[in-house]
Amino acid sequence: LDRTSERILFHFDVDVIDDTELPVADVPHKGGLSFADAIEALRVFLASPKTAGLVVTEFNPSRDPESRHARNTRQWPCRNLLIIPNRLHH
């Protein structure tokens with residue numbers, strides 16, 4: 001993709017994360033990626049200078065009635081991905 005595209009929009013479904021760490025997907029997965037591995041994969045993908053954005057999907061708020069995971073999920077791109085250089089304005 002990096003060689004054939006001018007810009008890349010990344011789409012990330014949270015259901016790839018093991019539901020013992022993030023039990024908010026409509027289709028929970030046992031044996032999915034750890035939260036840490038998912039963040040590391042996103043760091044690698046989003047480091048491309050062609051990154052146009054990140055869309056996070058499959059988060060079902062009804063599976064998180066106290067919004068604990070929602071708060072953490074909103075914060076983790078900021079906490080974990082801000083070390084990636086901003087390349088959206090070149």
Side-chain angles (χ1 to χ4, degrees):
L1 275 177
D2 206 45
R3 282 187 240 132
T4 61
S5 302
E6 286 185 37
R7 307 296 284 156
I8 302 170
L9 175 65
F10 291 96
H11 177 105
F12 181 75
D13 291 355
V14 298
D15 63 2
V16 302
I17 299 172
D18 191 286
D19 73 336
T20 59
E21 291 192 51
L22 193 65
V24 296
D26 284 323
V27 182
H29 293 284
K30 299 280 186 227
L33 292 174
S34 70
F35 190 81
D37 286 347
I39 293 297
E40 186 57 32
L42 285 173
R43 284 181 194 254
V44 170
F45 295 133
L46 296 174
S48 168
K50 295 183 178 185
T51 297
L54 169 66
V55 177
V56 179
T57 63
E58 295 297 321
F59 189 103
N60 184 342
S62 67
R63 296 181 60 84
D64 186 25
E66 295 176 9
S67 298
R68 182 173 62 99
H69 296 291
R71 280 189 299 276
N72 291 337
T73 302
R74 277 193 309 268
Q75 293 170 2
W76 64 255
C78 297
R79 279 194 318 256
N80 294 287
L81 301 175
L82 283 179
I83 64 160
I84 297 169
N86 182 355
R87 299 195 173 132
L88 300 179
H89 305 289
H90 38 123

**Student:** The criterion is salt bridge (charged side-chain N to carboxylate O under 4.0 Å, His left out); which residues satisfy it with D15, sequence neighbours excluded?
**Tutor:** none
**Student:** For the residue pair A38 and I17, what are the closest heavy atoms and their distance?
**Tutor:** CB-CG1, 3.8 Å
**Student:** Measure from the side-chain N and O atoms of S48 to the backbone N and O of F45, and report whether any donor-acceptor pair falls under 3.5 Å.
**Tutor:** no
**Student:** Specify the closest pair of heavy atoms between R7 and P49, including all atoms of both residues, with the distance to one decimal.
**Tutor:** NH1-O, 3.5 Å
**Student:** Does a side-chain heavy-atom distance below 4.5 Å link L46 with F10?
**Tutor:** yes
**Student:** Less than 4.5 Å apart, any side-chain heavy atom of V16 and any of H29?
**Tutor:** no
**Student:** Between D37 and A41, is there a donor-acceptor pair closer than 3.5 Å when you use the side chain of the first and the backbone of the second?
**Tutor:** no
**Student:** Could you list the residues that satisfy side-chain contact (heavy atoms from CB on, under 4.5 Å) with T57, not counting sequence neighbours?
**Tutor:** H11, D13, V55
**Student:** How many angstroms lie between atom CG of L9 and atom CG of L54, to the nearest 0.5 angstrom?
**Tutor:** 8.0 Å
**Student:** Name the residue from V14, N60, D19 that meets the side-chain contact (heavy atoms from CB on, under 4.5 Å) definition with V24.
**Tutor:** V14
**Student:** I need the minimum non-hydrogen distance between H69 and E21, along with the two atoms involved.
**Tutor:** CE1-O, 3.9 Å
